Structures are given as C-alpha cells and as structure tokens.
K.L.:
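Pasting a structure below so you can have a look.
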Amino acid sequence: MNPAPAPDRRRISILGATGSIGRNTLDVMSHLGGRDAFEVPAITGMGNIGLLVEQARQTGAGFAVTADPDRYNELKSALAGTGTQAGAGPTALVEAGERDTDLVMAGIVGIAGLAPTLAAIARGADIALANKECLVSAGDLFTAAMAKSGGKLLPVDSEHNAIFQVLEENQRHAVERIILTASGGPFRDHTLDQMAAVTPERAAAHPNWSMGLKISIDSASMFNKALEMIEARHLFGMRPEQIEVIIHPQSIIHSMVGYSDGSVLAQLGVPDMRHAIGYAICHPRRASLPVERLDLAALARLDFIAPDETRFPALALARTAMRRGGLQGAVLNGAKEIALEAFIAGQTGFLDMADIVAATMDRLDDGRAAATIEDVYAADREARAVASSLLRKSA
Ligand code: NDP
Ligand code: MG
C-alpha cells in the first residue's frame, strides 16, 4: 500500500511534460521525493501519448492534455481507471495552465506555449520559464502580465538561470552588462563553405547539451543565442547594447553579469539542464540535485572566443530586432521557425535560414507594437507567410 501523501506537497504543473525539459523536470521531482513531495495538477504533451500516459500514472496527475485535438479518444481510453482526467486541443491546453497550482513549468516548444503560460500567469502561479519563444514573441505583454500577477518568474534557460543566480537584487542599478555564453555549436570552427553544406543530422548533434531537435539546430546556427539575447532583454530589463555574447566551448560558465566596478560574477556547473530546472523549482532554497560535480582540475582550462557574426548572422538579427522593438521579436521567431522547418525537411540550406529571417524582418518592419496577444499571433502568422513565400521563390 502507498503511504499517505504528506499534506503540504508542492503543486507543480508541467506544460510540455513529454519533451526534453519536461522529462528532466520529472526526473528532478522524482529525485526530490516524487509523489511524497509533489502534487501534479496538470501535464501536457502533443504527439507522444504513450509517454504522457506513463507520466500521468507515475505522478498521479489530475489532468493530462495532448495539444492534438484528434487524439482525445486515444488519450482518454489509455487513462481509463487512472483517476487522471483527459483533455485535448488548445482550450484544454489553456485549462491545464489554469489549474490551481504553486508553480508551472513552461516547457512547450514554440509560440504554442504562450496561451497556456499566460493563463497560468493570470491565475497567479509562479512560472519556471523554459519556453523562450514566449518572451521573444511577446516580451512586453508577458512581463506586464507577470508584474500584474505578483507571481515569481524563474528562468530555466541555463544562461538566464545563471544570470538570475548572480544578479544581486539590490545592485541592479550597477549592472553594466550581461555576458551570455554560447558553446558555438558543432560548426564553431567550420568555414562558410563547410557550413553551407551541412545536413540537419549534423546540425542536431550538439557537442555539450542534450536537447530537443529544434533547439539543437538553433544552437548550431546560433539562432538559439539570438532568441536568448531577446529573452535576456525582457527578463532583466537590459538595453540591447548591454547584452554581449561570448563563445565558451566547454559550456561550464553558463553566463555572467558585469558590474560598474569592473567585477564579473559567473555561475559555473556541468552542462545538465536538471541544474537550472532544480534551481528554478526549488527557489529560493538550494536543493541537493543529482548532477555531476565540477572537477576543475580535470577540466584544466576554460576558453573564450569572440563570435564571428559573418558565419553566425543570427546574432546581428537579434540586435536589429531589439533595436526596432515592437513586433520584430515575433517576426524573427515566426520566420525562423519556417526557415528551420524548411532546413529540417531538406528544402533550404543551413546558411539560407538567416537570409530568410532577415528579409522577412525587413519586409514587416512597420513599427507596430503588440497591444494584445492577438497582435502577436497575427505578426507570427504574417512572418510565417512571408518567409514561406520567400522560400518558394528561392526554390
Ligand atoms: P522538445 O521538443 O523536447 O519538447 C517540446 C514539448 O512541447 C513536448 O512536450 C511536445 O509534445 C510539446 N509540443 C510540441 N509542439 C507543441 C504544440 N504545437 N503545442 C503544444 N505542445 C507542443 O523541446 P525542449 O524540451 O527541448 O524545449 C522546450 C522549450 O524549452 C523550448 O522553448 C526550448 O527553446 C526551451 N529550452 C530547452 C532546453 C533543453 O535543454 N531542451 C534548454 C533551454 C531552453 P510531444 O513531445 O508529446 O509531441
Ligand atoms: Mg540556453
């Protein structure tokens, strides 16, 4: 017989439970006491129904949702007898975000995570945010909603989690710059000619981090770092010129904050997302986490290289998007998604992705800002349409 659950279990819902972030979150929760320590009001996934059902059984989740409306019956019958309610489609996804909880892990990939995460914010939950596209596409709306709700926003992206750890709350006025580290990905030392010929399989093989497919390829093109620059701007209220990127191949320093007295504070650790996830879900407490400890002597050295923006034009595009403001973040992200999907499908080259994004951003640079979430969705749709037509023309 299972022991009776402790009455003060922490409630954590997981959006995108079946993904890389979601699975790592459940792994950390299981290490920190599993069902004795945590209640799981809701979990969501999309295509991986088998895993979603297994996770529902393991956690005793109250509500399990697939984002795919056509798979409701399959999910419902697989959950029969478990006590977990089934849901499917966009409305159920939002309902999952709204379920009463202490914290929501926002681990959906892409702009699909925006509506359920905003729903969770509106209910006053603390948000552990991995889903960077929320901030890139709708940063102003997102931070305004967060300020209104009074909940805590805890960055899960490892760079932003690092900055959050070393950003001294009473010294924010003295922050001069934020230095985001980047591994440089698998093509760090490739020439432009070599990069023009790479395949999606090669691009997906990240040297240090084990992540989902899209983010791995975005790391290789440094579009991931571009998104992270915009993410940092919104999370920490930085001006574009305060955000720097440095290539650090070992991925041991996860990012740094430079202060006006010349001090630079860094957070170090082995590259393992369970660290940032554990920090975010346990904050302000530091828990004992199942991550490998740093062996500095074995490591011996840490390297730093200035990024080459000719080979990695995504970084300059992020700066352009930040300078232009308004809906350019949503446009950059929407166009990047189309270019990325075309690259994965073998329809466009690795280096063409940045050209498509740049041309789409220029075409849709009309100074508009987002008054509502609908404006963000419209900009996303427009960017996808423009990027798709550019792709067709170049085919
Ligand atoms: P994955 O692709 O591994 O997982 C994505 C999750 O979202 C899965 O649960 C997937 O369901 C679900 N999903 C996919 N499409 C949709 C959709 N249209 N609507 C609703 N749910 C959907 O991604 P990651 O876990 O790698 O990344 C998640 C987010 O975290 C991204 O924004 C990424 O940039 C960010 N991040 C990830 C890191 C990592 O280490 N992985 C590091 C830092 C940030 P299913 O699998 O069932 O189809
Ligand atoms: Mg990151």
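Not measured: the values here are computed from a predicted model. Each ligand, and each atom within it, is numbered from 1 in the order the structure gives.
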K.L.:
Which of the atoms of ligand 1 are close to G45, meaning less than 4.0 Å from one of its heavy atoms?
P.N.:
11 (O), 47 (O)

K.L.:
Is A130 touching ligand 1 with its side chain, its backbone, both, or neither, if touching means heavy atoms under 4.0 Å apart?
P.N.:
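It is both parts that get close, each with some atom under 4.0 Å.
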
K.L.:
Would you name the N/O/S atom of D157 that lies closest to the Mg ion (ligand 2)?
P.N.:
OD1

K.L.:
Is any NZ, NE, NH1 or NH2 atom of the basic residue among R319 and E309 found under 4.0 Å from an Asp or Glu carboxylate oxygen of the other?
P.N.:
yes

K.L.:
Got the closest protein heavy atom to atom 17 (C) of ligand 1, with its distance?
P.N.:
M46 SD, 3.3 Å

K.L.:
Would you mind listing which atoms of ligand 1 come within a distance below 4.0 Å of any non-hydrogen atom of I215?
P.N.:
26 (O), 33 (C), 34 (O), 36 (N), 37 (C), 38 (C), 42 (C), 43 (C), 44 (C)

K.L.:
Counting neighbours of CD on Q194 that are heavy atoms of other residues, nucleotides or ligands and sit closer than 6.0 Å, is the number greater than 12?
P.N.:
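Atom CD in Q194 is crowded, with more than 12 foreign heavy atoms closer than 6.0 Å.
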
K.L.:
Ignoring hydrogens and geometry beyond distance, is a side-chain donor-acceptor pair present between N48 and T18 at under 3.5 Å?
P.N.:
no

K.L.:
What residue and atom, counting heavy atoms only, is the protein's closest point to atom 21 (N) of ligand 1, and at what distance?
P.N.:
I108 CG2, 3.6 Å

K.L.:
Any idea which atoms of ligand 1 are less than 4.0 Å away from a heavy-atom of A112?
P.N.:
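Per the distance check, 17 (C), 18 (N), 19 (N).
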
K.L.:
Return the residue, atom name and 0.1 Å-rounded distance of the protein heavy atom closest to atom 28 (C) of ligand 1.
P.N.:
G107 O, 3.3 Å

K.L.:
Anything under 30° is parallel, anything over 60° is perpendicular, the rest tilted; go ahead and classify H254 against H275.
P.N.:
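Rings of H254 and H275: perpendicular, over 60°.
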
K.L.:
Just need the protein heavy atom nearest to atom 34 (O) of ligand 1, so name the residue and atom and give the distance.
P.N.:
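The answer is K132 CE, 3.2 Å.
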
K.L.:
Counting from 1, what ligand 1 atoms have a heavy atom of E133 closer than 4.0 Å?
P.N.:
31 (C), 32 (O), 34 (O)

K.L.:
Looking at D362 and R324, is any side-chain nitrogen of the basic one under 4.0 Å from a carboxylate oxygen of the acidic one?
P.N.:
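Yes.
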
K.L.:
Taking side chain to side chain donor-acceptor pair (under 3.5 Å) as the criterion, tell me which of H160, E228, E231, E159 meets it with K132.
P.N.:
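Passing option: E228.
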
K.L.:
Can you tell me which residue and heavy atom of the protein come closest to atom 46 (O) of ligand 1, and the distance to 0.1 Å?
P.N.:
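Its nearest protein heavy-atom neighbour is T18 OG1, 3.3 Å.
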
K.L.:
Which of these, I21, V109, N131, has its nearest heavy atom closest to atom 2 (O) of ligand 1?
P.N.:
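Checking each option, the heavy atom nearest atom 2 (O) of ligand 1 is found in V109.
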
K.L.:
Considering only the protein, which heavy-atom contact is closest to atom 43 (C) of ligand 1, and what is its distance?
P.N.:
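Result for atom 43 (C) of ligand 1: D157 OD1, 3.0 Å.
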
K.L.:
Going from CG on L52 to CD1 on I43, what distance comes out if it is rounded to the nearest 0.5 angstrom?
P.N.:
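Output value for this atom pair is 4.5 Å.
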
K.L.:
So if I count the atoms of ligand 1 from 1 in the order they appear, which ones are less than 4.0 Å from some heavy atom of G212?
P.N.:
3 (O), 26 (O), 41 (N)

K.L.:
Evaluate the side-chain contact (heavy atoms from CB on, under 4.5 Å) criterion for residues H234 and F142: first the C-alpha distance (whole Å), next the side-chain angles of each, then the deciding distance (0.1 Å), finally the verdict.
P.N.:
CA-CA 9 Å; H234 290 295; F142 192 95; over 6 Å; no

K.L.:
Against E133, only a single residue in N333, I230, D380, I108 fulfils side chain to side chain contact (heavy atoms under 4.5 Å, CB included); can you say which?
P.N.:
N333

K.L.:
When you draw lines from the Mg ion (ligand 2) to OE1 of E159 and to OE2 of E228, what angle lies between them, to the nearest 10°?
P.N.:
100°

K.L.:
Can you pull out the closest protein heavy atom to atom 4 (O) of ligand 1? Residue, atom name and distance to 0.1 Å, please.
P.N.:
G19 CA, 3.1 Å

K.L.:
Which of the atoms of ligand 1 are close to N48, meaning less than 4.0 Å from one of its heavy atoms?
P.N.:
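Listed by number with element, the hits are 45 (P), 47 (O), 48 (O).
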
K.L.:
M273 versus ligand 1: do any nitrogen or oxygen atoms come within less than 3.5 Å of each other?
P.N.:
no

K.L.:
Compare all side-chain heavy atoms of M222 with those of I247 and state whether any distance is below 4.5 angstrom.
P.N.:
yes

K.L.:
Within the 4.0 Å heavy-atom shell around A67, which atoms of ligand 1 are there?
P.N.:
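Those of ligand 1 that fall under 4.0 Å from A67 are 19 (N), 20 (C), 21 (N).
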
K.L.:
Apply the test ring-ring contact (aromatic ring centres under 6.0 Å, His included) to residues H283 and Y279: give CA-CA distance (whole Å), side-chain angles for both, the deciding distance (0.1 Å), then the verdict.
P.N.:
CA-CA 6 Å; H283 184 268; Y279 185 85; 5.7 Å; yes

K.L.:
Looking at D375 and R368, is there a salt bridge between them, counting it only when a charged N and a carboxylate O are closer than 4.0 Å?
P.N.:
no

K.L.:
What residue among K214, R384, K336 forms side chain to side chain donor-acceptor pair (under 3.5 Å) with E341?
P.N.:
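Going through K214, R384, K336 one by one, the side chain to side chain donor-acceptor pair (under 3.5 Å) with E341 is satisfied by K214 alone.
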
K.L.:
Going by the closest heavy atom to atom 48 (O) of ligand 1, which one wins out of S20, G47, P90?
P.N.:
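Minimum heavy-atom distance to atom 48 (O) of ligand 1 goes to G47.
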
K.L.:
Look at ligand 1 and say whether G22 reaches it with a heavy atom at a distance under 4.0 Å.
P.N.:
no

